[in-house]
Amino acid sequence: DYFEVEPFDDRFGQKPKENKCKVGRQQSPIDIDTFNTVWKEYPPLHMNGHWNFKHKVLLFNEGHTIMLKEKGGVNRPKITGGPLREQYTFEQLHFHWGPNPSMGSEHTINGQTYAAEAHMVHYQSRYGSYKKAKENKGLLVLGYIFQVSDHFNEELRDFIDPIPLVSRFKNVTFSAPDILKLFKKASNACYYTYTGSLTTGDCAEGVLWILFNQTIPISPQQLSQFRKMYGSNGDTLRSNFRETQRLNGRQVEFVTS
Ligand code: BO1
Ligand code: ZN
């Protein structure tokens, strides 16, 4: 009775769509060439509410990924500080992975690919919604890189256990007060920040990226669970990461706190 499985619906507009990525000069992901970054100091990042979701969460198969949203969407977590000029609100969390543990991350570091990557998508609070903020280049994505490890990551259990339940376009609702705790340690580490795009859908530009430098461990067995999801084309989603894009003169900042 831990899980409450519901049929897939379109309440959140997650209906699978054709991938019609626009071509642009500020696309994501990118390779982070660490020797070519600019060292910057900013005030500390403040993540308010990410580590104690007060409401139920909804985990679902979005067609391209497994996604988590706060059910109801009231009291959403907020983020300020660092390079942010104003407050952003949490919208959703999703994952990218690959066909084997040697690839799956979207961003690469000095050409190195990693096993997986999680994205916490946020919007500028003043726009009141993800959609409005997207139209006004008001999106922020926090990226977390997973590194394959022999060690089973207990903190990933709440994301991975329900995957078989949602693998064929189902929703699952559960109470998980601390479901984002897994990201807490990495969120206090150094990060890279640059301006890029969404990596799926229309690949809209004007997205601020914060990519944390500290990796999160994940076991090969845990990674294999992601590949059991079914994609919108009816096949299992063995891989859902986009290849790295040209930097085109953009500057990547390295921030230590
Ligand atoms: S990501 O964090 O850059 N991978 C990312 C990619 C796409 C979205 C958010 C974050 N958002 C949505 C679009 C929707 C679209 C959907 C498809 O992705 O805004 O309009 O249908 O996955
Ligand atoms: Zn993503």
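Both counts, for ligands and for their atoms, begin at 1 and track the order of listing.
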By number and element, which atoms of ligand 1 are closer than 4.0 Å to a non-hydrogen atom of [X]?
X	result
V141	2 (O)
V121	2 (O), 10 (C)
Y130	8 (C), 9 (C), 11 (N), 12 (C), 13 (C), 19 (O)
H94	1 (S), 2 (O), 4 (N), 5 (C), 10 (C)
E62	16 (C), 17 (C), 22 (O)
H119	1 (S), 2 (O), 4 (N)

Under-4.0 Å salt bridge between E91 and K69: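 Judged by the 4.0 Å cut-off on N to carboxylate O distance, E91 and K69 do form a salt bridge.
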
Between Y123 and F90, ring centroids under 6.0 Å: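 No, too far apart.
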
Distance below 2.8 Å from the Zn ion (ligand 2): protein N/O/S atoms: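 The answer is H94 NE2, H96 NE2, H119 ND1.
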
Under 4.5 Å side-chain linkage, directly or through intermediates, the cluster mates of F35: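 Direct or chained contacts put F35 with none.
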
Closest non-hydrogen atom pair between F174 and I179, with its separation: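 Heavy-atom minimum between the residues: CE1-CD1, 3.4 Å.
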
Nearest atoms (heavy-atom pairs only) where I79 meets M47: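 In terms of heavy atoms, the two residues are closest at CD1-CG, 3.6 Å.
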
Option with minimal heavy-atom separation from atom 5 (C) of ligand 1, where the choices are L198, L140, L142: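 Checking each option, the heavy atom nearest atom 5 (C) of ligand 1 is found in L198.
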
Test salt bridge (Lys or Arg N to Asp or Glu O under 4.0 Å) applied to R126 and E86, step by step: CA-CA 9 Å; R126 69 177 154 122; E86 57 188 276; 2.7 Å; yes

Reported CD-to-CE distance for the pair E62 and M229, which is rounded to 0.5 angstrom: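 It is 8.5 Å, given to the nearest 0.5 Å.
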
Pairwise distance CG(L45) to NE2(H50) - rounded to 0.5 angstrom: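 NE2 of H50 is found 9.5 Å from CG of L45.
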
Q92 N/O to ligand 1 N/O under 3.5 Å: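 No, no N or O pair falls under 3.5 Å.
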
Any H96 heavy atom less than 4.0 Å from ligand 1: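 H96 counts as a contact of ligand 1 under the 4.0 Å cut-off.
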
Region of W209 engaging ligand 1 - heavy atom pairs below 4.0 Å: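 Side chain only; the backbone of W209 stays clear of ligand 1.
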
Polar contact flag, side-chain donor to acceptor under 3.5 angstrom, T89-S125: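 Present: a donor and an acceptor within the cut-off.
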
Give every donor-acceptor pair under 3.5 Å between a side-chain atom in residues 135-145 and any protein atom, sequence neighbours left out.
residue	atom	partner	partner atom	Å
N136	ND2	K132	O	2.8
Y144	OH	S187	OG	2.7

May I have the list of side-chain donor-acceptor pairs in residues 24-31 shorter than 3.5 Å, sequence neighbours left out?
residue	atom	partner	partner atom	Å
Q27	OE1	R242	NH1	2.8
Q27	OE1	R242	NH2	3.1
Q27	NE2	C203	O	3.1
Q27	NE2	E205	OE2	2.9
S28	OG	Y194	OH	2.7
S28	OG	S197	N	3.0
S28	OG	S197	O	3.4
S28	OG	W209	NE1	3.1
D31	OD1	T108	OG1	2.6
D31	OD1	N110	N	3.3
D31	OD1	G111	N	2.7

